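What follows is a short report on a single structure.
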Amino acid sequence: MQRSVLVRPAALFWGLTVFMPVGVPYAAALLMLVALLCTGHWRERAQRLRSNPLWWPVMAYLAWTLVVLAFEPHYPETPSNLVHGLRIVATVLMALALTRDEAIWALRGFLLMALFNIALIAVYYGFHLHFLVWDAWRGVIVLVGNKSISNALLFTILAATAVTFALDAITHRRAWRVPPALAVIVAVALIISITLPSRTSLLGLLIVIPAACLHQWRRQFKVLATAMVVGGAVIAGALWSSPAVQQKFELGVQEVEAAKAGAVSEGSWVVRYYMYRDTARMIADRPLAGWGIGGWTEQWHLRGPKLLADYNMPHNDLLWMGSQAGLPGALSLLAILLTGLWQAWRRDDLVGRLAFVAMLILLIAINANSALRDAQIGLSLLFVAMIYLRLAQEPEDSWRGLISGRPRPSWRPLQNGAGRPASTPSR
């Protein structure tokens with residue numbers, strides 16, 4: 001317990017600050033690093049990291065970044081891009097180095113602040129209390145750029161968590177748990193479609209619902225098929241009855257069609273069309289080592305439309321890494337995410353399912369936004385997803401300790417890659 005005297009409050013603080021302006025999560029990350037360095041037990045934490053399946057993908061990503069830095073050209077953007085690349089590594093390693101108890105405290109902070117922010121949004125729009133728009137909460141209450149996108153994605157992880165608990169409650173006939181979960185899902189759906197409109201978050205929520213069903217009932221085909229049909233009908237009905245959601249996706253399709261015809265504007269999907277096209281060409285021109293760390297911005301100025309020259313990231317982390325470090329760089333980053341996703345998939349209980357939906361949302365976000373490169377998004381979203389994954393690496397039902405501090409009996413993997421609590425019989 002002594003080792004967590006500093007780390008537990010630091011983990012809680014980071015969890016509490018993930019919705020705040022980026023400077024506060026940066027301070028929380030620095031506090032976490034200091035706490036980890038000051039509390040000792042480095043050997044134990046190092047062993048935990050070395051035994052983690054993510055260790056080698058993370059090291060490959062880090063090593064290739066440093067190789068490209070050493071041998072490829074440097075640019076004015078090189079220092080900032082290098083810092084962001086190292087921040088990604090540090091965030092993953094700090095989250096995975098936590099003990100179960102420390103990770104639980106971080107999770108408590110995230111969930112507590114997410115629910116508080118839902119209540120804050122309801123009070124603000126229900127009673128028109130404009131004095132609530134402080135700088136600390138501005139990105140939660142109104143749409144103010146990438147920080148609001150980050151908050152929408154964090155709310156989506158909360159909704160995915162509620163979906164997972166609702167499915168588990170239905171399976172185990174615990175009906176009393178379903179209404180609160182549905183209330184959270186509806187609240188988040190309203191937030192990400194009206195107050196903090198985000199196509200990435202909506203897309204993520206639409207994908208993780210069937211993904212959670214697939215994870216839960218992958219060995220029960222009839223139940224899975226029924227859940228998919230019913231869930232698909234409910235989702236389609238919700239989309240059809242929501243003009244705001246329809247308009248956002250219709251606008252996106254129109255923007256892509258306009259971009260293909262040669263139109264240039266600040267439209268979200270127009271920007272992405274040109275970024276994805278020109279960044280893919282950058283990778284094709286130099287597939288092995290890319291253009292060097294920080295090289296995307298210079299190449300974008302040479303290739304992209306002049307109207308869009310002010311952007312400094314391609315709104316896709318795999319393309320960002322591929323353009324500046326070649327295919328090995330992009331694949332090493334992808335390997336980190338796919339390894340985490342596979343770890344969560346292999347564990348077929350509630351804890352594994354929670355990690356699976358969180359990692360899936362992260363994977364969707366890095367393909368539609370600069371969800372890792374942009375610290376306003378990646379500093380919080382990556383930390384929360386890694387906390388979910390860290391708890392899925394515990395042998396017991398670690399989420400049981402969220403309130404009581406007492407985990408359920410241990411979980412063990414089966415030969416087919418799945419797993420169940422050791423003290424309970426197989427279903």
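No hydrogens, no waters, no symmetry mates; every other heavy atom, side chains included, goes into these values. Just so it is clear, the model here is predicted, and its values are computed rather than measured.
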Acceptor/donor pairs from residues 54-71 side chains to any protein atom, 3.5 angstrom cut, sequence neighbours excluded:
unit_1: W64; atom_1: NE1; unit_2: A325; atom_2: O; d: 2.7
unit_1: T65; atom_1: OG1; unit_2: Y61; atom_2: O; d: 2.8

Closest approach of [X] and [Y], non-hydrogen atoms and distance?
X	Y	value
L391	S398	O-OG, 2.8 Å
T200	A365	CG2-CA, 4.1 Å
A159	L205	CB-CD1, 3.8 Å
H215	R218	O-NE, 3.2 Å
I387	A106	CD1-CB, 3.9 Å
N316	S370	N-OG, 3.7 Å

Would you list the atom pairs, donor with acceptor, under 3.5 Å between side chains in residues 285-292 and any protein atom, with sequence neighbours excluded?
unit_1: D285; atom_1: OD2; unit_2: R303; atom_2: NH1; d: 3.1
unit_1: D285; atom_1: OD2; unit_2: R303; atom_2: NH2; d: 2.8
unit_1: R286; atom_1: NE; unit_2: G290; atom_2: O; d: 3.3
unit_1: R286; atom_1: NH2; unit_2: E72; atom_2: OE1; d: 2.9
unit_1: W291; atom_1: NE1; unit_2: M282; atom_2: O; d: 3.1

Under 4.5 Å between any side-chain heavy atoms of [X] and [Y], yes or no?
X	Y	result
L31	W14	no
L120	N117	yes
V184	L158	yes
L98	W105	no
F165	W399	yes
Y75	T297	no
I194	I191	no
P314	Q324	no

How far does [atom1] of [X] sit from [atom2] of [Y], to the nearest 0.5 angstrom?
X	Y	atom1	atom2	result
I121	L190	CD1	CG	10.5 Å
L308	K306	CG	NZ	11.0 Å
L33	T91	CG	OG1	10.0 Å
L143	S148	CG	OG	5.0 Å
T279	M321	OG1	CE	14.0 Å
L12	M32	CG	CE	9.5 Å

Restricting to ring-ring contact (aromatic ring centres under 6.0 Å, His included), what partner residues turn up for [X], sequence neighbours left out?
X	value
Y273	none
F110	none
Y276	none
W300	W296

With a 3.5 Å distance limit and no angle check, can you tell me whether [X] reaches the backbone of [Y] through a side-chain donor-acceptor pair?
X	Y	value
S51	R48	yes
S150	Q376	yes
T39	V5	no
T17	M20	no

I'd like to know whether N146 forms a side chain to side chain contact (heavy atoms under 4.5 Å, CB included) with N369, so could you lay out the CA-CA distance, the side-chain angles of the two residues, the decisive distance to 0.1 Å, and finally the verdict. CA-CA 9 Å; N146 283 353; N369 291 95; 5.5 Å; no
If only side-chain N and O atoms count, and only distance matters, is there a donor-acceptor pair under 3.5 Å linking Q216 with T171? yes
Say whether Y388 and T161, considering side chains only, have a donor N or O and an acceptor N or O under 3.5 Å apart. yes
Of all residues at least two apart in sequence or in a different chain, which pass the side-chain hydrogen bond (donor to acceptor under 3.5 Å, both in side chains) check with T164? none
Can you list, pair by pair, the side-chain donor-acceptor contacts under 3.5 Å of residues 331-344, counting residues two or more places apart and other chains?
unit_1: S332; atom_1: OG; unit_2: P328; atom_2: O; d: 3.2
unit_1: S332; atom_1: OG; unit_2: G329; atom_2: O; d: 2.7
unit_1: T339; atom_1: OG1; unit_2: A335; atom_2: O; d: 2.6
unit_1: Q343; atom_1: OE1; unit_2: Q393; atom_2: NE2; d: 3.3

Cation-pi geometry met for R45 and W42 (6.0 Å, 45°): no
Contacts satisfying side-chain hydrogen bond (donor to acceptor under 3.5 Å, both in side chains) that involve residues 23-35 (not counting sequence neighbours) are none
If you apply the rule side chain to side chain contact (heavy atoms under 4.5 Å, CB included), what do you find for W137 with N151, and how did you get there? CA-CA 10 Å; W137 313 120; N151 292 338; over 6 Å; no
Pick one: which of T156, I157, V18 meets side chain to side chain contact (heavy atoms under 4.5 Å, CB included) with L381? I157
Checking V384, N367, L153, L382 against L362 for side chain to side chain contact (heavy atoms under 4.5 Å, CB included), the one that qualifies is L382
For V208 and V163: C-alpha separation, side-chain torsions, deciding distance, then whether side chain to side chain contact (heavy atoms under 4.5 Å, CB included) applies. CA-CA 9 Å; V208 298; V163 167; 5.8 Å; no
The salt bridge (Lys or Arg N to Asp or Glu O under 4.0 Å) partners of R353 (sequence neighbours excluded) come to none
Quick one: salt bridge (Lys or Arg N to Asp or Glu O under 4.0 Å) partners of D374, sequence neighbours excluded? none
Using distance only, find each side-chain donor-acceptor pair of residues 80-88 under 3.5 Å and give its atom names and separation, not counting sequence neighbours.
unit_1: S80; atom_1: OG; unit_2: E77; atom_2: O; d: 3.0
unit_1: S80; atom_1: OG; unit_2: E77; atom_2: OE1; d: 3.3
unit_1: N81; atom_1: OD1; unit_2: W320; atom_2: NE1; d: 2.7
unit_1: N81; atom_1: ND2; unit_2: E77; atom_2: O; d: 2.9
unit_1: H84; atom_1: ND1; unit_2: R87; atom_2: NE; d: 3.4
unit_1: H84; atom_1: ND1; unit_2: R87; atom_2: NH2; d: 3.2
unit_1: H84; atom_1: ND1; unit_2: R373; atom_2: O; d: 3.4
unit_1: H84; atom_1: NE2; unit_2: R373; atom_2: NH1; d: 3.3
unit_1: R87; atom_1: NH1; unit_2: L372; atom_2: O; d: 3.4
unit_1: R87; atom_1: NH2; unit_2: L372; atom_2: O; d: 2.5
unit_1: R87; atom_1: NH2; unit_2: R373; atom_2: O; d: 3.2

Verify side chain to side chain contact (heavy atoms under 4.5 Å, CB included) between T195 and I141, making sure each step is shown before the conclusion. CA-CA 7 Å; T195 62; I141 296 176; over 6 Å; no
